[in-house]
Chemist: 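One structure, pasted below without further comment.
It should be emphasised that the depicted structure is a prediction, and the values quoted were computed from it without experimental measurement.
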Amino acid sequence: MPHPLPASARAWQDKVRRFVDEELIPFEVEAEMNGGVLPEGVRDRHRCRAREIGLHALAIPKQYGGQGLTALEQAVISEQVGRVTNALGWCYSSTPPWMLEACAGDAHQMQTWVLPNIRGERRECYAITEEHAGSDVNAIRATAQRDGDAYVLDGEKWHVTSANHADHFIFQAPLTDGPHAGRHALFFVDMDTPGVTLVRTPAYSHTYAAHHPIYRFDGVRVPAANRIGAEGDGMDFTYAWFRYERLGIAARCCGAAARLIDEATSFAKQREQYGEPIANFQAIQFMLADSLTELWAARLMTYRTAEAIDAGEDVKVLHAQCAMAKVYASEMANRVADRAVQIFGGRGYMRENVAERFFRELRVDRIWEGTSEIQRIIIANGLYKRGQRALAE
Ligand SMILES: Cc1cc2nc3c(=O)[nH]c(=O)nc-3n(C[C@H](O)[C@H](O)[C@H](O)COP(=O)(O)OP(=O)(O)OC[C@H]3O[C@@H](n4cnc5c(N)ncnc54)[C@H](O)[C@@H]3O)c2cc1C
């Protein structure tokens, strides 16, 4: 029996599944063979079709031009988007809710960055991680120094995802002085601000059109009006962003595993060795059975966490539950991808094969937005402070 989703979530699931199957999946291999890049006309059509079916600013209330969807509806959509490789699902604006919450009271920031972002006219990227500060965000060496009605920003940022498609950064740095010295603040920094330079664009395991370059910020002067929220609020926004992203990763990993199970099952049924379909061999059955069982567990965890967000449950509990969903679903999807490669045999090692692509692509889901180790630390801290009943009953 399918999970008892509300009718609205089921309708989104059907609509986005069709879009992914008919519009995106057919272009995966072409993207893989072309550095992740599709012809301009194809990308435009994907964006246009996504918009037509309502894929834009899903988390943003309707009064601001978004879709105002529940966390559960968003999870169901992310799951479908996760079924396609090469990040071809990144074809719609996905303004995070924290940005609206932080900027709603600031007319200038709303008009300049947030509303254009919601409309898909502008796009942000996140400049938080540094060469010496990844998991340990408090070790960030970048600085934000107040100078009259401006701040001067310095530092070097790594792995800035989608910077080649963005026109502004969300830049995080501790303040050097004033009453909040040492605490972190976030800033909108337009890419063409003097002092911003692209250092280099490293190659990564996956083949995505979105790059993850390194950027330097040397004496970058931005008006105080670019600071997001109050001085020292930076980490709170970053934690809200992490929760949102971690649940999205969990959902996308469920989608990837679901696709892999479907593909590996249909291959196993038609591939014959020793005179019969390999699906008859218990070794293959066990891999598929374990994959399906683990997918179900991850999906239930992901949906339940989304429902808890919609119910407005305690944010500290949600923080641990998002960590559990992320660590479990991402590690589950990696195991499923490994088994799928094995079931496809030599074909599973070819870049034209979906299992090969997911085998590489899913690896980063155990690293970005907080590694598996960091998720486990969050979960253990939650367990010590709040107890098992609060987190997992
Ligand atoms: C493709 C990609 C895209 C990214 N996009 C962005 C982006 O857009 N913006 C951005 O700011 N960042 C981005 N990141 C950075 C990402 O969030 C970090 O890579 C991640 O948080 C880990 O940091 P690190 O790489 O510095 O590893 P480190 O923090 O140096 O960790 C190295 C290893 O040590 C382990 N470790 C660290 N601390 C502990 C501990 N206390 N206990 C146990 N183990 C520990 C880690 O789990 C890991 O296994 C991206 C990274 C990648 C790979």
Side-chain angles (χ1 to χ4, degrees), residues 6 8-9 12 16 50-51 54-82 89-90 92-128 161-162 166 168-172 184-188 227-230 233-252 302-323 325-326 368-370 378:
S8 62
W12 275 106
V16 180
R51 183 85 199 193
L55 274 181
H56 82 280
L58 306 176
I60 302 298
K62 289 196 162 154
Q63 71 200 91
Y64 294 102
Q67 288 287 15
L69 300 190
T70 63
L72 181 60
E73 289 164 341
Q74 292 173 60
V76 164
I77 290 170
S78 293
E79 187 181 351
Q80 292 308 313
V81 169
W90 297 5
Y92 58 95
S93 72
S94 52
T95 313
W98 75 263
M99 195 188 283
L100 182 68
E101 283 155 24
C103 306
D106 186 321
H108 169 66
Q109 293 187 350
M110 287 297 288
Q111 293 303 329
T112 310
W113 292 285
V114 184
L115 292 174
N117 189 308
I118 290 170
R119 292 194 296 267
E121 296 160 6
R122 300 199 67 177
R123 185 154 170 196
E124 89 283 18
C125 58
Y126 289 80
I128 301 171
T161 294
S162 296
H168 59 285
F169 301 92
I170 309 290
F171 178 91
Q172 179 167 336
H184 288 216
L186 297 181
F187 300 88
F188 287 114
R227 191 193 65 231
I228 301 172
D233 277 355
M235 285 307 288
D236 291 342
F237 297 140
T238 302
Y239 288 139
W241 160 248
F242 281 157
R243 277 192 297 280
Y244 172 76
E245 270 297 297
R246 285 170 187 164
L247 193 62
I249 287 171
R252 290 202 302 274
T302 303
Y303 288 0
R304 171 66 197 117
T305 305
E307 286 165 349
I309 292 172
D310 289 330
E313 289 180 18
D314 179 357
V315 77
K316 304 270 188 197
V317 171
L318 294 175
H319 203 69
Q321 290 179 334
C322 287
K326 194 232 181 209
W368 60 10
E369 306 302 347
I378 293 169

Chemist: To the nearest 0.5 Å, how far apart are CG in Leu100 and CD1 in Ile118?
Modeler: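 It is 5.5 Å, given to the nearest 0.5 Å.
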Chemist: Side chains of Arg243 and Val315: closer than 4.5 Å at any heavy-atom pair?
Modeler: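 SC-SC contact between Arg243 and Val315 confirmed.
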Chemist: Determine the minimum heavy-atom distance between Tyr92 and Val81, stating which atoms define it.
Modeler: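 Reported closest heavy-atom pair: OH-CG2, 3.8 Å.
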Chemist: If you measure from CH2 on Trp368 to CD1 on Ile249, what distance do you get to the nearest 0.5 Å?
Modeler: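 Going from CH2 on Trp368 over to CD1 on Ile249, the span is 6.5 Å.
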Chemist: Is Arg227 reaching over with its side chain to a backbone N or O of Gly229, donor-acceptor style, under 3.5 angstrom?
Modeler: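 Yes, because the side chain of Arg227 sits within donor-acceptor range (under 3.5 Å) of the backbone of Gly229.
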Chemist: Measuring from Glu101:CD to Ile60:CD1, what's the distance to the nearest 0.5 Å?
Modeler: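 Atom-to-atom, Glu101:CD and Ile60:CD1 are 8.5 Å apart.
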Chemist: Would a distance-only check, ignoring hydrogens and angles, find a side-chain to backbone donor-acceptor pair under 3.5 Å from Gln109 to Asp106?
Modeler: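 Judged by distance alone, no pair lies under 3.5 Å.
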Chemist: Looking at every heavy atom in both Thr302 and Ala250, which two are closest together, and how far apart are they?
Modeler: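 So the two residues come closest at OG1-CB, 3.7 Å.
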Chemist: We want to know whether Glu79 and Tyr303 form a side-chain donor-acceptor pair, criterion being a heavy-atom distance below 3.5 angstrom.
Modeler: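 There is such a pair (donor and acceptor under 3.5 Å, judged by atom type) between the side chains of Glu79 and Tyr303.
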Chemist: Going by atom types alone, do Ser162 and Arg123 pair a side-chain donor with an acceptor below 3.5 Å?
Modeler: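 Short answer, yes.
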Chemist: As an exercise, state the distance from CD1 of Ile378 to CZ of Phe242, rounded to the nearest 0.5 Å.
Modeler: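 Result: 8.5 Å between the selected atoms.
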Chemist: List the atom of Gly370, the atom of Arg246, and the distance in Å for their closest heavy-atom pair.
Modeler: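 Distance-wise, the nearest heavy atoms are CA-NH2, 4.0 Å.
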Chemist: Return yes if some donor-acceptor pair links the side-chain N/O of Asp233 with the main-chain N/O of Ala230 below 3.5 Å, else return no.
Modeler: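 The answer is yes, because a donor-acceptor pair under 3.5 Å joins these two groups.
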Chemist: Is the side chain of Lys62 donor-acceptor paired with the backbone N or O of Leu69 at a distance under 3.5 Å, no angle test?
Modeler: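 Flag not set: sc Lys62 to bb Leu69 has no pair under 3.5 Å.
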Chemist: Determine the minimum heavy-atom distance between Ser93 and Gly120, stating which atoms define it.
Modeler: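 Scanning both residues, the minimum pair turns out to be CB-CA, 3.9 Å.
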Chemist: Heavy atoms, side chains only, cut-off 4.5 Å: are Leu55 and Val16 in contact?
Modeler: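 The answer is yes, as the side chains (C-beta and beyond) meet within the 4.5 Å cut-off.
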Chemist: Compare all side-chain heavy atoms of Trp113 with those of Ile228 and state whether any distance is below 4.5 angstrom.
Modeler: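 SC-SC contact between Trp113 and Ile228 ruled out.
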Chemist: Measure from the side-chain N and O atoms of Asp310 to the backbone N and O of Thr70, and report whether any donor-acceptor pair falls under 3.5 Å.
Modeler: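 Answer holds: no.
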Chemist: Could you tell me if the side chain of Leu186 sits less than 4.5 Å from the side chain of Trp241, heavy atoms only?
Modeler: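 Contact flag for Trp241/Leu186 side chains = no.
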Chemist: Mind checking the OH-OG1 spacing from Tyr126 to Thr238? Nearest 0.5 Å is all I need.
Modeler: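 OG1 of Thr238 is found 9.0 Å from OH of Tyr126.
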Chemist: I need the Glu245 CD to Ser94 OG distance, nearest 0.5 Å.
Modeler: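 Output value for this atom pair is 7.5 Å.
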Chemist: Quick check: does any side chain N or O of Gln172 sit under 3.5 Å from a backbone N or O of Ala127, one acting as donor and the other as acceptor?
Modeler: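 Not at all, since once roles are kept as given, no pair shorter than 3.5 Å links the two residues.
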Chemist: Is the closest side-chain heavy-atom distance between Ile309 and Gln321 below 4.5 Å?
Modeler: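 They are not in side-chain contact.
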Chemist: Would you call Phe188 and Phe171 a side-chain contact if the rule is heavy atoms closer than 4.5 Å?
Modeler: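 A side-chain contact under 4.5 Å is absent here.
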Chemist: Can you check whether Asp236's main-chain N or O pairs, donor with acceptor, with His184's side chain at less than 3.5 Å?
Modeler: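 Flag not set: sc His184 to bb Asp236 has no pair under 3.5 Å.
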Chemist: With a 4.0 Å cut-off on N to O distance, would you call Arg252 and Glu369 a salt bridge?
Modeler: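 Result for this pair is no, no salt bridge flagged.
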Chemist: Who are the ring-ring contact (aromatic ring centres under 6.0 Å, His included) partners of His319, not counting sequence neighbours?
Modeler: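 So His319 forms a ring-ring contact (aromatic ring centres under 6.0 Å, His included) with Tyr239.
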Chemist: Any side-chain heavy atom of Glu73 within less than 4.5 Å of one from Ser8?
Modeler: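 The answer is yes; the side chains approach within 4.5 Å.
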Chemist: Go through the side-chain N and O atoms of His168 and Glu124 and say whether any donor and acceptor fall under 3.5 Å apart.
Modeler: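 Distance-only check fails for His168 and Glu124.
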Chemist: Just wondering, do Pro97 and Tyr244 contact through their side chains at under 4.5 Å, heavy atoms?
Modeler: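 Tyr244 reaches Pro97 side chain to side chain.
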